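Here the structure is laid out as C-alpha cells; the discussion comes afterwards.
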Protein chains: 2
Amino acid sequence: MRESAVKDRILDTASRLFYDQGYNLTGINQIIEEASIARASLYNHFEAKSDLLLAYLDRTHQRWFEELEEFLRPFTDPREKLLAIFDFRIRRQQKLKYRGCHFNKITAEACEEEGVAQRVLVHKERLRGYIHQLVLRVKHRRLLDDDMLTDTIFLLMEGGLAVGAMYRNSKDTKSAKRIVENLL
Amino acid sequence: MRESAVKDRILDTASRLFYDQGYNLTGINQIIEEASIARASLYNHFEAKSDLLLAYLDRTHQRWFEELEEFLRPFTDPREKLLAIFDFRIRRQQKLKYRGCHFNKITAEACEEEGVAQRVLVHKERLRGYIHQLVLRVKHRRLLDDDMLTDTIFLLMEGGLAVGAMYRNSKDTKSAKRIVENLL
DNA sequence: GTCTATAAAATGATAGAC
DNA sequence: GTCTATCATTTTATAGAC
C-alpha cells in the first residue's frame, strides 16, 4: 500500500535543500522543479512551506537516533559507547560536508517558526539524556561529578559541531573526543 | 567632519535586523523603511545587500573584542580573566535575548556568501588565540596540556552559546563556566 | 547625496481542468 | 491526485529628477 512516491520525493528534495542551502533560501519553485512534481501536488501533501519544515525536522530527528543506535550497537562498554558517539558525529560531519548540526542551523534560521524551537529542544535533550545514561554507568576518574561530566561531553560535542561548520573540518570534534578520553 | 548620519543609520538598522530576524529574512525594503532613508541612498553607500552583510560582520567583530577587553580590564589574574570571559558572554546572551553567536548564526544562514566564511574564521581564531595566551599564563592542575585546555575552554564556550540559542537561556554557559573552574 | 518611480525576477499560494 | 495557468506580494536593484 504505497503511500505516495510523490510525497516522498517532495520531502526528500525539500530536506536536502533546506539543509544544503538553507530553509529561507529554498523556494517552493526550486523544490517542485528538482522533485519533478507539479506545484499543486506539493500543496496537496503539505499545507504550506512551514509544514514541510516540520516534517523535515521530525524525520531528521527520528533517523538521527536510529542511525546512532545502529552505530553504537557493536559496543557494550559505556566508555566505548561514549567515545563512539564522537566517531558517529565525525563520520556524519564528513558525509554532510561540514555544514553542521541540522538543529543548530534551523535555530539560526527559523527559530520563530511555530513548532521549531520545541522540536530542537526535544532532539538535544534526548541526546543529553542518552549521554547521561552512559555517564551513570561508566567508571570514570571523577574529576567532575556525573552531571557535570554529562554537560562537558554534551557541550564539547555541540561546540565541536558548531565550530566544525565554521572551519569546514572535523578538527575540533576530534579534539573534543581526545579531551573526553582524558577526562573519563 | 561627520561621515554620514544616513550611512550609520543604515548599518545600525541592518545589523539589528540581520541578527534579530536573520539575514535572508531581512529585505532591503524593511531596512530603508526602519532606517527612514530612501531606497537609492542605501545603494549610494553600499553596492549591494551583501556588502551590508560584510560591513555588519566587520563592525561586530571589532566591537566584540573592544567590549571583551573593556570587560576584562579590571582583572589581572589569568584565571580570573578566563572565567570572566564566560561572564562576558553570559551577560551578552541576556542582552541579546539568547539569539546566539552572530558568527554561528551567519554561518548557518549565509556561509556561501563571498567573504563570510573567512571573517567567521578570523573572529573565532582570535578568540581561541586570546584564550590560549591566558592558558599559557595560568597555573592549572595540568589535567590536560595547554593546547587541550585551550580547546576545552573554547569548545565549552561555543557549545554553551549554541545550545543557549536553542534553549533560550544561559544555563549551559553557566554550566560550562563551572566545569572550567573545576578543570583549572 | 538624497529623493521618487519603476523595472525584472522570484516569492508563497490558489483555481479549476483532467 | 496530479496537472497548468495565474494571483498578489515581495525581492534586489536601477534611472533620472532635484
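All of these numbers come straight from a predicted model, not from anything done at the bench. Within every chain, numbering begins at 1; the chains are lettered A, B, ... in the order of the sequence lines, protein sequences first and strands thereafter.
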Apply ring-ring contact (aromatic ring centres under 6.0 Å, His included) to residues A:H123 and A:F65 and explain how you reach the verdict.
CA-CA 9 Å; A:H123 181 76; A:F65 281 99; 5.3 Å; yes
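The backbone N or O of A:G159 lies less than 3.5 Å from no partner atom in the side chain of A:D172, so there is not a single donor-acceptor pair.
Computed from coordinates, the B:D8 CG to C:dG1 P distance equals 13 Å when rounded to whole Å. Rounding to whole angstrom units, OH of residue A:Y43 and P of D:dT6 are separated by 18 Å. Taking atom NE2 on B:H45 and atom C1' on C:dT2, their separation rounds to 8 Å, with Å as the unit. Look at CD1 on B:I10: it is 11 Å from P on C:dG1, rounded to the nearest Å. Taking atom CG of A:L53 as the reference point, atom P of C:dG12 lies 12 Å away to the nearest angstrom. For the pair B:K49 NZ and D:dT11 P, the interatomic distance rounds to 9 Å; values are reported in whole Å. Separating the CG atom of A:L42 from the P atom of D:dT4 is a distance of 14 Å, rounded to the nearest angstrom. Protein atom CG of A:L17 is 12 Å distant from nucleotide atom P of C:dT11, rounded to whole Å.
Screening residues 143-152 of chain B for salt bridge (Lys or Arg N to Asp or Glu O under 4.0 Å), with sequence neighbours left out, gives B:R128-B:D151, B:R142-B:D146.
Under the 6.0 Å distance and 45° angle rule, A:K124 does not count as a cation-pi partner of B:Y167. In this structure, B:K7 is positioned above the aromatic face of B:F46, its NZ or CZ under 6.0 Å from the six-membered ring centre and within 45° of the axis.
Every side-chain contact (heavy atoms from CB on, under 4.5 Å) that A:A84 has, sequence neighbours left out, goes to A:F71, A:L72, A:F75.
Considering only side-chain N and O atoms, B:S41 lies nowhere under 4.0 angstrom from the phosphate OP1 or OP2 of C:dG1.
With C:dG1, D:dC3, D:dG16 as the candidates, the nucleotide lying closest to the side chain of B:N44 is C:dG1.
Taking a 4.0 Å limit (strictly below) on heavy-atom distances, residues 23-38 of chain A reaches DNA chain D at A:I37, A:A38.
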